[in-house]
Amino acid sequence: MLDATTRSGGTATVSPRAAATELAVATVPASAPPGPSARSARVLLSPWSRLSLLVLLLAAAATCVLLFEPQRLLAHGWPPQLGGASAAVVFAGAYGLCTVAFVPRPLLNLAGGALFGSQLGIGTTLVGTVLGAGIAFGLGRVLGQDALRPLVRGRLLKAADGQLSRHGFRSMMAARLFPGVPFWAANYCAAVSRMGWVPFLVATALGSIPNTAAYVVAGARASAPTSPAFLIAMACIAAPALVGAVVAWRKRHHIRGR
């Protein structure tokens with residue numbers, strides 16, 4: 001191996017190993033800037049682009065509901081040749097999509113009771129409820145969470161986010177049991193928080209049973225408004241609303257004081 005300098009004349013001599021290293025470094029090409037396709041993909045996958053897509057999807061769904069009124073189609077235009085289990089499956093799928101598009105669940109529950117009766121109507125509408133909540137939660141989690149979480153500021157927003165993130169099952173059960181929080185609002189607020197999928201879906205399924213069953217029974221017995229079943233169903237609809245209003249009134253100072 002040659003020395004870096006000669007011993008006699010002091011002339012600098014590069015060693016073979018150093019020369020090979022310099023040659024390898026020289027032959028490595030500089031990293032090229034990302035191309036147009038890479039930049040476009042980065043922009044399309046950015047948090048704000050995904051949030052914009054979510055807003056467009058929801059706006060399109062709400063527009064379709066206003067124009068075509070699918071809740072009336074479910075209640076009055078159901079194909080007579082479609083019945084039994086197949087009709088229940090189709091109705092549950094349509095129910096879920098309608099809830100994502102902001103159709104009020106009470107109307108859908110009444111329609112389920114009128115079409116399928118009390119027992120099958122309750123099961124069908126509960127499946128549709130969980131399906132719609134899962135679709136909305138997934139859309140909000142994938143398309144909206146990254147952009148909206150940095151905007152969770154202020155005392156009330158931080159308190160709500162902390163409650164949903166730390167006590168997801170309990171908070172969602174309360175939101176489903178007591179009316180006052182719109183179905184779609186609870187779905188997307190939970191999606192923006194750090195609540196898990198399992199607590200969200202289980203709490204939605206269990207917490208929606210009383211209110212859903214009351215509306216379905218009311219829809220099934222709407223032709224006999226003086227029957228005991230109809231009157232009990234109406235009482236079950238009014239009681240949670242009253243309890244929710246009282247609880248919200250008593251908790252208002254506690255929430256403001258945080």
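All heavy atoms count here, side chains included; hydrogens, waters and symmetry mates do not. Model, not experiment: these values are computed from the prediction.
The distance from the CG atom of Leu148 to the CZ atom of Arg50 is 10.5 Å, given to the nearest 0.5 Å. For the atom pair Leu177 CG and Asn211 CG, the distance stands at 9.0 Å (nearest 0.5 Å). The CG atom of Leu201 sits 10.5 Å away from atom CE of Met195, with the distance rounded to the nearest 0.5 Å. Atom CD1 of Ile237 sits about 9.0 Å away from atom CG of Asn109, to the nearest 0.5 Å. Separating the CZ atom in Phe91 from the CG atom in Leu120 is a distance of 10.0 Å, to the nearest 0.5 Å. Distance check, rounded to the nearest 0.5 Å: OG1 of Thr99 to CG of Asn187 gives 7.0 Å.
Nearest approach of Leu54 to Gly140, heavy atoms of both residues: CD2-CA, 4.2 Å. Closest heavy-atom contact between Ala229 and Arg221: CB-NH1, 3.4 Å. In this structure, Leu231 and Pro225 approach most closely via the heavy-atom pair CD2-O, 3.6 Å. Contact detail for Val216 and Gly117: the closest heavy-atom pair is CG1-O, 3.7 Å. In terms of heavy-atom proximity, Met173 sits nearest to Gly207 at SD-N, 3.6 Å. Annotation for Pro47 and Ala147: closest pair O-CB, 3.6 Å, computed over non-hydrogen atoms.
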| query | After noting the C-alpha distance and the side-chain angles of Leu58 and Tyr188, does the key distance pass the side-chain contact (heavy atoms from CB on, under 4.5 Å) rule? | reply | CA-CA 12 Å; Leu58 296 180; Tyr188 291 112; 3.1 Å; yes

| task | Apply side-chain contact (heavy atoms from CB on, under 4.5 Å) to Thr129 and Tyr95, showing your working. | result | CA-CA 7 Å; Thr129 296; Tyr95 185 112; 3.2 Å; yes

| request: Apply side chain to side chain donor-acceptor pair (under 3.5 Å) to Thr204 and Arg176, showing your working. | output: CA-CA 6 Å; Thr204 296; Arg176 301 309 191 194; 3.3 Å; yes

| said: Set out, in order, the CA-CA distance, both residues' side-chain angles and the distance that settles side-chain contact (heavy atoms from CB on, under 4.5 Å) for Gln163 and Arg170, then state yes or no. | reply: CA-CA 9 Å; Gln163 187 72 17; Arg170 184 176 68 188; 3.5 Å; yes

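Of the N and O atoms on the side chains of Ser52 and Ser49, not one donor lies less than 3.5 Å from an acceptor on the other residue. Side chains of Arg105 and Thr212: a donor on one and an acceptor on the other come within 3.5 Å.
For residues 132-153, every residue pair satisfying the ring-ring contact (aromatic ring centres under 6.0 Å, His included) rule, not counting sequence neighbours, is listed here: Phe137-Trp197, Phe137-Phe200.
Here Ser193 pairs with nothing under the side chain to side chain donor-acceptor pair (under 3.5 Å) rule; sequence neighbours left out. A search for side chain to side chain donor-acceptor pair (under 3.5 Å) contacts involving Tyr215 returns nothing, not counting sequence neighbours. In terms of the salt bridge (charged side-chain N to carboxylate O under 4.0 Å, His left out) criterion, residue partners of Arg149 (sequence neighbours excluded) are, by chain and number, Asp161. Scored by the ring pair (Phe, Tyr, Trp, His ring centres under 6.0 Å) test, Phe102 finds Trp184 as partners (sequence neighbours excluded). Applying the side chain to side chain donor-acceptor pair (under 3.5 Å) criterion to Thr124, with sequence neighbours excluded, gives no partner residue.
In the hydrophobic clustering of this structure, Phe183 does not group with Val181; members are Ile, Leu, Val, Met, Phe, Trp, Tyr whose side-chain heavy atoms approach within less than 4.5 Å, directly or through other members. Under the 4.5 Å side-chain contact rule for hydrophobic residues, Leu110 and Val103 do not share a cluster. Under the 4.5 Å side-chain contact rule for hydrophobic residues, Met172 and Val127 do not share a cluster. Connection of Val89 to Leu115 is not established within any shared hydrophobic cluster, with ILVMFWY side chains joined at heavy-atom distances below 4.5 Å, either directly or through further cluster members.
Results of the side-chain contact (heavy atoms from CB on, under 4.5 Å) test with Val100 over Leu57, Leu139, Leu131, Val65 single out Leu139 as the only residue that passes.
Side chain of Arg141 to main chain of Ala191: a donor-acceptor pair is present (N/O by atom type, distance under 3.5 Å, no hydrogens or angles). Checked by atom type and distance alone, the side chain of Thr125 pairs as donor or acceptor with a backbone atom of Ile122 at under 3.5 Å. Under the 3.5 Å distance criterion, the side-chain polar atoms of Ser208 are left unmatched by any main-chain donor or acceptor of Ala205.
At a threshold of 4.5 Å between non-hydrogen side-chain atoms, the residues Leu206 and Phe169 count as touching.
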